[in-house]
Every structure is written in structure tokens, then in C-alpha cells.
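To start, the structure itself, in C-alpha cells.
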Amino acid sequence: MNNAFAEYYSKIDFFKGLIIYIILAVCILSPKSILLKITSNQQVITNIDFVVYSSLFLVTIICFFHTFKINRSIFNESNLKCTIICFFCIVALMVISAILLEKFHIKNNNESALENSSKTGYYFLFIISAIILGPFVEEMVYRFCFFRGLAQYNELLAHLIVALIFGFMHCGNAYFKSFDYHELSNMIPYFFMSLGLSIAYTKTGNIIFPIMIHSAINSMAAFK
């Protein structure tokens, strides 16, 4: 895959991403799942997110510093058009799947938490985490490390596996809070989101475009 923003890739990058993912999963899923059982204070949860993502942002920069090479020529008409199309397709699929889930009275607790976090006194920290740090760290892990590594063997499986991991990561807190399998249904919108982001990555050949789309989608959820 020709990639001007993350030009160099080796098998060791996959394992770097795996380590960052494990840290992210442990820090986000475990403490937040415990906190959600004893408190609904979104300020505490927002602070945890900020500390985790800001730390992993620095770790990601250090781990992949050698890969960063921004080439202005990547911002061509074709890549920008592809990015816009992928963005609207992702939004449409997420909205449709969310409506269908709502028909079955399944509430998206992750989206509700995102909206509640945006209304706390730590709004600035929330914006940084949700719109800047989170998309960067997650796209470097899911797309650059996991998807790119798996796609070398089977691109279709790479799309599906990464989408499942991405979806579970965004719904795991709610599931571990109640162990209600209905919560896993909320993976569906994020499954589509991940597929769209991976397609944007393969079509543009540059990780910066999935980051931009991810950031835009988080912005919509935060400000609606």
C-alpha cells in the first residue's frame, strides 16, 4: 500500500500497535466499567479518557515517528472526493443502523456517554480527547497497524476483523457493566464506521484521511 503519511511499515509495527491496543483496552474498558457501576459522574470518566488518550498519543508519536512523512500532493481531488463520499456513506449507515436498533428499544450507551461528556465542566478536555487524540491513536492502531498488517494476507478478513474489534471496543464498557448481550448490538453502527474508515484508507493510501473522517464523526456526535 502506497502511503505518504505513514510510508514505512514492518511487522514490528503490527506488534507495536497491539501493545498500544492492549494498554488502551485495559485503561478504557476495565477502570471505566468499574466506575460505571458505582458512579455516573461523567467528569471523572472524561478525565480518565483524557489521561489515557494523551498518554497514548505521545506513545504513538514515539513508536511511529519514523513513519510520518506528510506529502502535500496527497490532498488531491481524487483523495478528497473519496474522503467526502466515505464520510457521508459512514454517517448514513450509522444513522440507519441506529434507527433500526432504536426500533428494538436498544439504546446506544456509548453515544449517550459521549453527549453527556460534552456537557461536563471539563468540556475542553473532552473535545481534545474525542476530536484530536482519540481519532489519531485509534486510526494508527486499527488502520495503520492492524488493518494494514492483516490485509497483507487477506484484505476482506482484515476489514471484518478490524471492524469487529473496533465495534467491541466502543461498546465494551456498557456490556461489562451489565453483561447484557443486547449491548453488543450497539457494535453494528461502529462496525459500519470501521468498514468505511478502512475503505477510505485503502482508496486514498493515506492514514490522515481516516483520521479526518473519524474526527469529523466524533465532532458530530459531540455537538449534536
*Evaluate side chain to side chain contact (heavy atoms under 4.5 Å, CB included) for Ile74 paired with Thr204, printing each intermediate quantity in order.*
CA-CA 8 Å; Ile74 64 171; Thr204 62; over 6 Å; no
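- Not one N or O on the side chain of Asn79 forms a donor-acceptor pair closer than 3.5 Å with the backbone of Asn76.
- The hydrophobic cluster containing Ile22 also contains Val52, counting ILVMFWY residues as joined when their side-chain heavy atoms lie under 4.5 angstrom apart, directly or transitively.
- Between His159 and the options Phe166, Phe147, Tyr201, a ring pair (Phe, Tyr, Trp, His ring centres under 6.0 Å) holds for only Phe147.
- The side chain to side chain contact (heavy atoms under 4.5 Å, CB included) check on Ile96 picks up Leu100, with sequence neighbours excluded.
- Under the 3.5 Å distance criterion, the side-chain polar atoms of Ser194 are left unmatched by any main-chain donor or acceptor of Phe191.
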*asked:* I'd like to know whether Phe192 forms a side chain to side chain contact (heavy atoms under 4.5 Å, CB included) with Ile90, so could you lay out the CA-CA distance, the side-chain angles of the two residues, the decisive distance to 0.1 Å, and finally the verdict.
replied: CA-CA 7 Å; Phe192 287 129; Ile90 291 172; over 6 Å; no
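- Pairing each heavy atom of Ile213 with each of Ala200, the nearest pair is CD1-CB, 3.7 Å.
- The nearest pair of heavy atoms linking Gly17 to Cys145 is CA-SG, 3.5 Å.
- Leu150 meets the side chain to side chain contact (heavy atoms under 4.5 Å, CB included) test with Phe14, Ala158, Ile161, Val162; sequence neighbours excluded.
- By the 4.5 Å heavy-atom criterion applied to side chains, Phe75 and Phe209 are counted as neighbours.
- Using modelled atom types, one side-chain atom of Ser54 and one backbone atom of Val51 make a donor-acceptor pair closer than 3.5 Å.
- Nearest heavy-atom pair, Pro210 versus Asn206, reported as atom, atom and distance to 0.1 Å: CD-O, 3.1 Å.
- Considering Phe144, Phe15, Phe146 as possible partners of Tyr21, the one that fulfils the ring pair (Phe, Tyr, Trp, His ring centres under 6.0 Å) test is Phe146.
- Ile211 has its side chain out of reach of Glu138: every pair of non-hydrogen atoms, C-beta onward, lies at least 4.5 Å apart.
- Rounding to the nearest 0.5 Å gives a distance of 9.5 Å between CE of Met140 and CZ of Arg148.
- Ring orientation note: the planes of His214 and His170 are tilted relative to one another, at an angle of 30° to 60°.
- Atom CG in Leu56 sits 8.0 Å away from atom OH in Tyr53 (nearest 0.5 Å).
- In this structure, the separation between SG on Cys89 and CG on Leu195 is 12.0 Å, given to the nearest 0.5 Å.
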*Step-by-step salt bridge (Lys or Arg N to Asp or Glu O under 4.0 Å) determination, Glu139 to Arg143*: CA-CA 5 Å; Glu139 290 311 306; Arg143 244 53 62 183; 2.7 Å; yes
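- Considering all non-hydrogen atoms of both residues, Cys63 and Ile20 come closest at SG-CD1, 4.4 Å.
- Proximity of a side-chain donor or acceptor of Asn218 to a complementary backbone N or O of Ile131 within less than 3.5 Å is not detected.
- Just one residue in the list Ile207, Ile61, Ile208 forms a side chain to side chain contact (heavy atoms under 4.5 Å, CB included) with Phe136, and that residue is Ile61.
- Residues Asp13 and Lys16 have side chains in contact (heavy-atom distance under 4.5 Å, counting atoms from C-beta outward).
- Counting only heavy atoms from C-beta outward, the side chains of Ser215 and Ile132 never approach each other to under 4.5 Å.
- Heavy atoms only, all atoms of each residue included: Pro189 and Met94 are closest at O-CG, 3.4 Å.
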